[in-house]
Amino acid sequence: MAENNISKNYEKMPNLGKMGGGRERFALTAKPKNSKATLLRLVKTFMLWRKSFLLAVVLTLISSTVSLFTPLLLGKAINTFNTKTNRVDTSLLRVILIALVLCYLASWIIDTLTGVLMTKVTQKLVKYIRFQFFSKLQRISLNFYDTRSHGDTMSRITNDVDNISSTIAQTTTQLVASIFSVTGAFVMMLVLSPILTLVAMVSIPFFLILTKTIASRSRKYFLGQQQKLGALNGVVEENIVGLKMVKAFNRQQNVLADFKSINNELCSYSTKAQIWSGFMMPFMNVINNISFALIACAGGILSIKGMITVGVVVSFLTYSKQFGQPLNNIAGMFNNIQSALAGAERVFEIMDEEEESPDKSGLKEMINPKGEVEFRNVSFSYNTGRPVLRNINFKVNSGEVVALVGETGAGKTTIVNLLTRFYELDQGEILIDNTDITDISRKNLRSCFSVVLQDTCLFTGTIYDNIRYSRPSASGIEVKEAAKLAHADEFISRLPKGYDTIVTGSTDNLSQGQRQLLAIARAILCNAPILILDEATSSVDTKTEKEIQQALLLLMNNRTSFLIAHRLSTIRDADKIMVIGNGEILESGTHADLMKNKGDYYKMVISQMGYDDFQTTLPAKNN
């Protein structure tokens, strides 16, 4: 019933202007950029295949040159009729007709070859742009992903790049041909009749005014169309991923209202863009027809006075069509060109995003790192003026287990993100084995860590592939051993295809707990000297948690380990517990020491489960 009511009330849903949420998030904020600069940049990229492009241009010029002779030949054919003697020069007419057929045939063959060549070049260009775009995404700072809709980013690499592809394929050679045809036709018109050429030039100012007026109006709507399409993709992507939550909280109507609002805006921008660009062709036809009529009248008067022949008038009229037709072609492609330029602006916007700071020159190589970690006066903020960490100082000896506890948002995960150099420090330094992490390449640095994050990430592939992700060279036996240590082998063996079972990052063929066990197995297989566990047991039941804790004790042996947990039972046996709050380390010490101090840690323990219960429910520490 609820679903039916939603469908029936779709058109009655109010605009989301007062609701906040998705509408404001995807509001149009960017302004149209310089289309000329975008076009030049696109052409510069296109020049990577300059040889093929130049060959296509040469073929196009040959085809256009051939086409320039056809009106002249038509005029000559008409002049073979002698009106005074009522006789026809059949031999000359036959030669001219054969020449016309050869011209049309040559033009068709050349245009076909040019089309095939340009299609290949265009697809290479699109492949190149997509690769450069995706490569850029690997180098952009994580701050970019924290503030951008994933759906919008995906829309840029798919829809916007496709717009560029289709437009280039259709318009590149046409533009070259049009420019050459206009120039060639103008020269031939001057040769045939300067007077009629002046009459034909009357339409040029009207063409320029029309193009400038419509371009200025339609460009912003095409850019808005691409932006709203990206926003719509963002809404779809978010709601498909979170569909269970949508249904669980009965938010279907709100989701549809959100979708409707952005869809309406997309429809509005698209309609205005198409309307404005659609004005081009009708107005161009009107101007061309008026120009044609003026030329015909002037030519008729001149031919009656004997100043030019009828054949010249016919040739001139055909050339005037060739002069105006390219402008009509550009008008017909106008909406595609505007849409492609808007898409190219959005693609280049990502390509120009600030990347992670490059590694220094003369970097040190970490060989057999021990895992000693030190923070010296570390401060960090995601947004300027709002520090998350302030002057953090601590040192962790090789092989020690350090637990980070504190309220949600206190900065626990931020500390390990800085350690792995996912973000850059505002000030201070972080050292591993007395070496500043900025003096180590990111690749070398991150090979020092085994990581299990709070949000489990699996990739499309087999369970084998996902566990082996941390060490692709690992054998099948090593993968199974890691799975056994993580207590994942039992449930994997029960699956119909076992370790060859296909999993993805978005489907629910595994429970969250099972996915987390695979992530732990992946970290075990990595066998790095520093282990980071960010709520590694948050999605498993109590029994499995105890089993994993026993496995983690083996895993943490002789490794520097950072544990982030809200379950205090997970971190009781740590060598050092640091309580994070207000961007600072409030207190630090062992479990026993902190309980004696009766500070923030003591209050957390008591508030969570009571001290007596806390002591009796924990397993004894293994020595």
Which residues satisfy the side-chain hydrogen bond (donor to acceptor under 3.5 Å, both in side chains) test with [X], sequence neighbours excluded?
X      : value
Thr462 : Asp465
Arg522 : none
Thr501 : none
Tyr499 : Asp489

Mark yes or no for whether [X], through its side chain, and [Y], through its backbone, hold a donor-acceptor pair below 3.5 Å.
X      : Y      : value
Arg390 : Asn582 : yes
Ser450 : Ala523 : yes
Lys576 : Lys395 : yes
Asn417 : Phe422 : no
Ser398 : Glu372 : no

Do you know which two heavy atoms are closest between [X] and [Y], and how far apart they sit?
X      : Y      : value
Ile530 : Gly371 : CG1-CA, 3.8 Å
Ala482 : Ala521 : CB-O, 3.5 Å
Ala231 : Ile262 : CB-CG2, 4.1 Å
Leu518 : Ala488 : CD2-CB, 4.4 Å
Val405 : Met604 : CB-CE, 4.1 Å
Ile350 : Leu137 : CG2-CD2, 4.1 Å

Quick check: do [X] and [Y] have side-chain heavy atoms less than 4.5 Å from each other?
X      : Y      : value
Phe144 : Glu354 : no
Tyr469 : Leu525 : no
Leu419 : Phe449 : yes
Arg41  : Asp352 : yes
Asp573 : Val401 : no
Ser379 : Pro387 : no
Ile415 : Ile564 : no
Asn466 : Phe459 : yes

Not counting sequence neighbours, which residues clear salt bridge (charged side-chain N to carboxylate O under 4.0 Å, His left out) with [X]? List them please.
X      : result
Glu587 : none
Lys136 : Glu355
Glu481 : none

**Study point:** Chi angles and distances behind the side chain to side chain contact (heavy atoms under 4.5 Å, CB included) call for Val373, Val402
**Key:** CA-CA 11 Å; Val373 175; Val402 178; over 6 Å; no
Look up atom [atom1] in [X] and atom [atom2] in [Y], then write down how far apart they are to the nearest 0.5 Å.
X      : Y      : atom1 : atom2 : answer
Leu458 : Gln516 : CG    : CD    : 10.5 Å
Ile524 : Leu485 : CD1   : CG    : 5.0 Å
Leu363 : Thr438 : CG    : OG1   : 9.0 Å
Phe562 : Leu531 : CZ    : CG    : 10.0 Å
Ile432 : Ile440 : CD1   : CD1   : 5.5 Å
Ile129 : Gln132 : CD1   : CD    : 9.5 Å

Practice item. Write out all pairs satisfying ring-ring contact (aromatic ring centres under 6.0 Å, His included) with one or both partners inside residues 387-413, taking only residues at least two apart or from two chains. Key: Phe375-Phe394
Exercise for review: Mind running side chain to side chain contact (heavy atoms under 4.5 Å, CB included) on Asp160 and Phe133 for me, showing each step along the way?
Suggested key: CA-CA 11 Å; Asp160 292 329; Phe133 191 103; over 6 Å; no
Holding to side-chain contact (heavy atoms from CB on, under 4.5 Å), I want the full list of residues that pass it with [X], two or more places apart in sequence or in another chain.
X      : value
Val121 : Phe46, Trp49, Ser52
Arg386 : Asn383
Asp500 : Tyr464, Lys497

Pairs under 3.5 angstrom only: tabulate donor-acceptor contacts from the side chains of residues 473-480 to other protein residues two or more places apart or in another chain.
{"from": "Ser475", "atom 1": "OG", "to": "Glu478", "atom 2": "N", "distance (Å)": "3.3"}
{"from": "Ser475", "atom 1": "OG", "to": "Glu478", "atom 2": "OE1", "distance (Å)": "3.3"}
{"from": "Glu478", "atom 1": "OE1", "to": "Ser475", "atom 2": "N", "distance (Å)": "2.8"}

Exercise for review: Show the numbers, then the answer: is there a side chain to side chain contact (heavy atoms under 4.5 Å, CB included) between Asn397 and Lys370?
Suggested key: CA-CA 9 Å; Asn397 296 319; Lys370 299 177 181 178; over 6 Å; no
Point to revise | Candidate pair Arg130 and Val126, rule side chain to side chain contact (heavy atoms under 4.5 Å, CB included), full reasoning | key: CA-CA 6 Å; Arg130 281 210 176 103; Val126 172; 3.4 Å; yes
Exercise for review: Taking only Lys NZ, Arg NE, NH1 and NH2, and the carboxylate oxygens of Asp or Glu, determine whether Asp433 and Lys364 approach each other closer than 4.0 Å.
Suggested key: no
Review point. Between Tyr382 and Thr414, is any side-chain donor less than 3.5 angstrom from a side-chain acceptor?
Key: yes
